[in-house]
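In what follows, a single structure is set out as structure tokens and then discussed.
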There are 4 protein chains.
Amino acid sequence: MSSFYGQNIKISIFGQSHSEAIGVVVDGLPAGFRVDFDNLREFMQRRAPGRNEYSTKRREEDAPEFLSGLDNGMTCGAPLCAVIRNGDTRSADYGKLRDIPRPGHADYTAHVKYGGHNDIRGGGHFSGRMTAPLCVAGGICLQILEQQGIEIAAHIQSIGDIADAAFDPVNIGEEDLRAVKTAEFPVILSESGAKMRKAIEDARRDGDSLGGVIECAVIGVPAGLGEPMFDGVENRVAQIVFGIPAVKGIEFGGGFASARLRGSENNDAFYIADGNVKTRTNNHGGILGGITSGMPVIFRAAIKPTPSIAQEQDSVNLADMANAKLTISGRHDPCIVPRAVPCIEAAAAIAIADMMVWSV
Amino acid sequence: MSSFYGQNIKISIFGQSHSEAIGVVVDGLPAGFRVDFDNLREFMQRRAPGRNEYSTKRREEDAPEFLSGLDNGMTCGAPLCAVIRNGDTRSADYGKLRDIPRPGHADYTAHVKYGGHNDIRGGGHFSGRMTAPLCVAGGICLQILEQQGIEIAAHIQSIGDIADAAFDPVNIGEEDLRAVKTAEFPVILSESGAKMRKAIEDARRDGDSLGGVIECAVIGVPAGLGEPMFDGVENRVAQIVFGIPAVKGIEFGGGFASARLRGSENNDAFYIADGNVKTRTNNHGGILGGITSGMPVIFRAAIKPTPSIAQEQDSVNLADMANAKLTISGRHDPCIVPRAVPCIEAAAAIAIADMMVWSV
Amino acid sequence: MSSFYGQNIKISIFGQSHSEAIGVVVDGLPAGFRVDFDNLREFMQRRAPGRNEYSTKRREEDAPEFLSGLDNGMTCGAPLCAVIRNGDTRSADYGKLRDIPRPGHADYTAHVKYGGHNDIRGGGHFSGRMTAPLCVAGGICLQILEQQGIEIAAHIQSIGDIADAAFDPVNIGEEDLRAVKTAEFPVILSESGAKMRKAIEDARRDGDSLGGVIECAVIGVPAGLGEPMFDGVENRVAQIVFGIPAVKGIEFGGGFASARLRGSENNDAFYIADGNVKTRTNNHGGILGGITSGMPVIFRAAIKPTPSIAQEQDSVNLADMANAKLTISGRHDPCIVPRAVPCIEAAAAIAIADMMVWSV
Amino acid sequence: MSSFYGQNIKISIFGQSHSEAIGVVVDGLPAGFRVDFDNLREFMQRRAPGRNEYSTKRREEDAPEFLSGLDNGMTCGAPLCAVIRNGDTRSADYGKLRDIPRPGHADYTAHVKYGGHNDIRGGGHFSGRMTAPLCVAGGICLQILEQQGIEIAAHIQSIGDIADAAFDPVNIGEEDLRAVKTAEFPVILSESGAKMRKAIEDARRDGDSLGGVIECAVIGVPAGLGEPMFDGVENRVAQIVFGIPAVKGIEFGGGFASARLRGSENNDAFYIADGNVKTRTNNHGGILGGITSGMPVIFRAAIKPTPSIAQEQDSVNLADMANAKLTISGRHDPCIVPRAVPCIEAAAAIAIADMMVWSV
């Protein structure tokens, strides 16, 4: 259990922040698909740190090496394995962190679970770095889905108190998705983006951090995907999205806002358009009874503020079980929300691809 | 796939609203546990319809019959099966619904998925009635967990615009949980409850319905439960909670509100109390890196308003693919949130019990 | 874990020999299939006890009641549940068996596993009676496969030292399968059958029992089913076949005999016939690399002699941990091999159906 | 599905014979275990080719590189990943094999399954080379089990017609296991070994190959492991053992021989020895009802003769769908049975470790 996900397309993620490498195995990809490595690199770049002013300066070369699963650049039916070397594997000065867990991190819970044997360096297997292999797997799934006419994109819906516009859940089109995917800062309204960047810069100056909400849309999904009860689209997407560190909530369609509506407001009326069944509104987020309706799948994930902040914090020393002060050194993203956007897309792509039937 | 859940304690839910019976198989319960059938009946009663003015008048006798898994009233290691007979199995006047899907229901998506062969009567397998067997399984898990010192309770946090108080995420105690579990209407503040009931009554009068939010707390959970990435407590709880019809969102700890905070506000400082590690606040909802911290596990689920409303609605006729009007007859709950409260508790209990190690 | 099997078509078997009922849940059957209940009853009859001289006289009405999964006699996409009531649920004189485990039975191992809380009556969940629900699930899968042109049948290859002829692994046809399925005693050579019956009668007279080998063939399987390594046809069939009590071995194609051959003898030469790739021999049993070749799938299962014999046996008394003598009372099959034949067919059908892609 | 196995200790095997590398991810290993790398290297050496006269001369450096899962040489709770580089990744002269499948290999079935996109070089993912990562995972599990007092060893029970002695299923001890594990040629009787080697040499001279049977014993297993029906020890061991290429049969305890016995001969009488329940014989192979009895677990696997032989063989040309002749070039093991011995031990170790409860 744990770092395995999927039923038809199975993934297995491995690695720690400072181990030799991190990576992913993807089993069950349809054979004969030609991976577009340039496209994948561009996708990975959206997650990469250090590419602009609001993310950590630490340089990281996240180019995956493909060890298996390809023959002449095409998937061959065998499990695909991609690894990314960790540049920095020094064990340096982590002694202190082993004893003094960082608030908001998994340091303490991992310590309990693994009897103190967990790899503490950089958060070990709980590091946000684990989303790089997730993006390798998801980036390939995105390409495969695109070939089937399914497009996925996400944008920052809010950072702190600053909100972006929302996707139009009914009429969202490919151009809308492409616009946020190619934006330097993934928002719909550039003025919102400017305010968000400033807020992030302010947080950095204060030695603090910010969280936010990411909204994701999947268009072109055929009706009929997903299984009732525990293997519906909501269940399966939620299971993988909570695998991204810092996600603390998820909602589909109207979500928490629907809980405030009356049925007459929330129900999405059906109608016929060009011989197809559609809904006039999309509070159901493209999912009814766990099964896709053919309308855009819309969901939002809440990202908590990065727990690594420069300010001194209250913690405990596990060695002597006494209260202690902790100051985290090193550079840290004051806001990981922008970099989490492609991770959310990757997770959605894996979940959707896993639910599709890839014929023998 | 679909109506199966779990890894150590596996459940399999079956039945349709109007089939001969509905039920559940539970495999992996620890052997030698004496089920308290009175307690289970009381628990089931909290979900049962028709017990007061705000729920459907249709009488339903949901007493489960135990077909297996017990010997002299104790679990014996064999899979437990409980069935609940459906009183009403007439196929009556469902012809219309087969052609005209109800907005907000799974009628249309099930039609597509099963090629029109789905059991349309009362929503078939997508009926809220499927939560009765979930409550049988969950009710037994609740008893087993209680024996281990783990208590679970939920309350209505809001209905429409009316809010209840929230659980104190740090200091919540057994009495707090017992209070909402034994309340006639599961809220913390009785004045909020009174307003909620009135709002439900108003909605009924208008031929309309209401949604709401349920908050659930789990106390006494040992630190160290849950696995990293895809099998963490959040992932596993979310997977089962989205199996309850009408749930459209879930958040843990601070959830979506945390996304608005700065790290310095959201991080929960550790401290030592009586030789144990605790946190002064509980924005992490008892879960860090997917693993329990020993603090109360807190989550909230958004329940959309019941889609079955008395008002005429716009829909389509699938037989001739034309727009159509639909008026749903019969009595329906104007708000299923109160009855969903024990279902959320049941789901949480199954998820937590599934993650614990039951020694050979 | 335990009594759950399957990935696309999932089954969950429940019940004990003397609990209220036994049964099965089958999830994932394609919707819109009309179950032939007469055919299913006939299939179940082949497993039923008491229908002739060589099986136990205890009468058992194994007619399944279908609680869910059907609408107008057709599968509707919802999980199907079938239950079979146990006529005899008295707890009578099992006190002795609780303390003195029967050699060759699971009494002792279940005692250890479940801390003495296992249901000892009639073997509890370990009873051969659990194959009745397996046959309900398998009988339906057989019908579904037949509609796809896939036929499955098994025969007794040997009982004790008496051998039947083997299926022709290359040219076996539908008539060959139908012949053994409709035979009163499932053998190819009636003279072998006569000798086997006499041997069984002799064993009964001696208060003893006999084992045997069952050979099963699946024809019409398309090439390309099964997954590499751990989810190949051999792995998946073996996993379910060992779920039938008393099975102690399984081999595919040449099996153990192939281990004595040279490669030049064992390799099956390919050739083209009518535009299709075939093999001239079939030592591979229709499976190469875990994947079907399109040739008949052939496997054999070894069934140990029924452990319940009339003779006094050496055992132990678990209450005082001392050696003890045991005499098992009641009537018991001196040979369950004939009744196990349809169980093997059922298991094979479930495994094969589970590996096929049932389009959305 | 496919190259994933396990429930508590999950493995995921990747790679092709001529891809960049092969490897394995192992998730769920107990944390804090210090891996003995020398011991692991020695274990891997037993599988390695080219170490003596009866195996292929092709040199292969199978030293695994550990990318993750360790911290200071100890398991840290994170998934462990080990990769083995493939020395020879040339695509050279495989064009012919793509069109003309090798009899007895997965070339043809993989061609059908993957629409001709499978990696044909050296058998791709179906190569026997995939057992190297299996041995990495199994070698570590063997060490962990040994720490718990559980020992596993296998020997060649037969090659062609030449038989070794069998393990004493009742009294087998650690020394017996150690003897075959350290033997240059893994047999109990050295004179049998000498005859086997000669037979292998003869087969090589004839451009032919030989199969055989491997017997494996697990001692020190506590009673109570395994689950009823589909997750018993037999089911789980069979599922993984059939993942080793060339295995065509498996039997536990008396196996197929038990099918010839009467119940009075096959039943294993219980008795008390030193306060423990034991059996005087061990036809049940340490497993009753799928659950371990505490007696040695004994099983045998049938290995078909290596399909790659030097003689010209009949095949087909898939490009023009005509009959064709095939001569396989290159050096090939005339008998892979000796090298399969540690693979069987590895598979057994993974299956047993997976069934144990590793406390949080």
Side-chain angles (χ1 to χ4, degrees), chain C residues 1-3 5 103-104 106 109 112-113 125-126 160 208-209 211-213 223-224 227-231 234-235 238-239 242-243 248-249 251-253 255-256 258-264 266-272 277 288-289 291 293 302-307 309 311 314-316 321 323, chain D residues 1-3 5 103-104 106 109 112-113 125-126 160 208-209 211-213 223-224 227-231 234-235 238-239 242-243 248-249 251-253 255-256 258-264 266-272 277 288-289 291 293 302-307 309 311 314-316 321 323:
Chain C
M1 60 197 81
S2 84
S3 301
Y5 175 87
T109 54
V112 172
K113 184 168 194 74
H125 187 56
F126 296 88
D208 215 332
S209 66
V213 174
E227 300 287 331
M229 299 210 75
F230 309 118
D231 276 310
E234 288 137 330
N235 316 65
Q239 196 197 342
F242 278 114
K248 294 301 278 187
E251 59 178 8
F252 294 82
F256 280 87
S258 280
R260 287 201 202 88
L261 300 181
R262 282 185 157 201
S264 58
N266 190 64
N267 280 356
D268 300 309
F270 291 111
Y271 74 104
I272 301 287
V277 173
L288 288 169
I291 302 171
S293 68
I303 315 283
K304 72 178 182 182
T306 326
I309 56 175
Q311 302 175 15
D314 286 334
S315 183
V316 293
M321 289 299 273
N323 292 337
Chain D
M1 62 197 80
S2 86
S3 300
Y5 174 88
T109 54
V112 173
K113 185 167 193 75
H125 188 56
F126 296 88
D208 215 332
S209 66
V213 173
E227 300 288 330
M229 299 209 77
F230 310 119
D231 275 310
E234 288 137 331
N235 317 65
Q239 197 197 341
F242 278 114
K248 294 301 277 188
E251 60 177 7
F252 294 82
F256 280 87
S258 280
R260 287 202 201 88
L261 300 181
R262 281 185 156 202
S264 58
N266 189 63
N267 281 356
D268 300 309
F270 291 110
Y271 74 104
I272 302 287
V277 174
L288 287 169
I291 301 171
S293 67
I303 314 284
K304 71 177 183 184
T306 325
I309 57 176
Q311 303 176 15
D314 287 333
S315 184
V316 293
M321 289 301 272
N323 292 337

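Per chain, numbering begins at 1; letters A, B, ... match sequence-line order.
Proximity to chain D (any heavy atom under 4.5 Å) is restricted, for C:Q311, to the side chain, taken from C-beta onward. Only the backbone of D:T306 comes within less than 4.5 Å of a heavy atom of chain C; no side-chain atom from C-beta onward does. The part of C:I309 that comes within reach of chain D is its side chain, from C-beta onward, which places non-hydrogen atoms under 4.5 angstrom from that chain. Heavy atoms closer than 4.5 Å to chain C are found in both the backbone and the side chain of D:F252.
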message: Applying side-chain contact (heavy atoms from CB on, under 4.5 Å) to D:F256 and C:V213, what does each step give before you reach the verdict?
response: CA-CA 8 Å; D:F256 280 87; C:V213 174; 4.0 Å; yes
query: Hey, mind stepping through D:E251 and C:E251 against side-chain contact (heavy atoms from CB on, under 4.5 Å) and telling me if it holds?
result: CA-CA 8 Å; D:E251 60 177 7; C:E251 59 178 8; over 6 Å; no
- request: With side-chain contact (heavy atoms from CB on, under 4.5 Å) as the test, would you mind laying out the steps for C:Y5 and D:N235 before giving the verdict?
  value: CA-CA 11 Å; C:Y5 175 87; D:N235 317 65; over 6 Å; no
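Rounded to the nearest 0.5 Å, atoms CG (D:N267) and OG (C:S209) are 6.5 Å apart. Considering OG of C:S258 and CD1 of D:I303, their distance stands at 11.5 Å, rounded to 0.5 Å.
Heavy-atom pairs under 4.5 Å with chain C were tallied for D:R260, D:K304, D:R262; the largest tally goes to D:R262. Among the candidates C:I272, C:D314, C:N266, the residue making the largest number of heavy-atom pairs closer than 4.5 Å to chain D is C:I272. When each of C:P103, C:G249, C:A259 is checked for heavy-atom pairs under 4.5 Å with chain D, C:A259 comes out on top. With chain C as partner, the option from D:N323, D:D208, D:D268 having the largest number of non-hydrogen pairs under 4.5 angstrom is D:D208. Chain C forms more heavy-atom pairs under 4.5 Å with one residue of D:G212, D:P305, D:G160 than with any other, namely D:P305. Chain D forms more heavy-atom pairs under 4.5 Å with one residue of C:A269, C:P307, C:S293 than with any other, namely C:P307. Ranked by heavy-atom pairs shorter than 4.5 Å toward chain D, the options C:A302, C:G104, C:A106 are led by C:A302. Among C:A238, C:G253, C:G211, the residue making the largest number of heavy-atom pairs under 4.5 Å with chain D is C:G211.
Under a 3.5 Å cut-off, the side chain of D:Q239 and the backbone N or O of C:F230 do form a donor-acceptor pair.
Of all the heavy atoms in D:K113 and C:I291, the pair that sits closest is CD-CD1, 3.5 Å. In terms of heavy atoms, D:P228 sits closest to C:F126 at CB-CE2, 3.6 Å.
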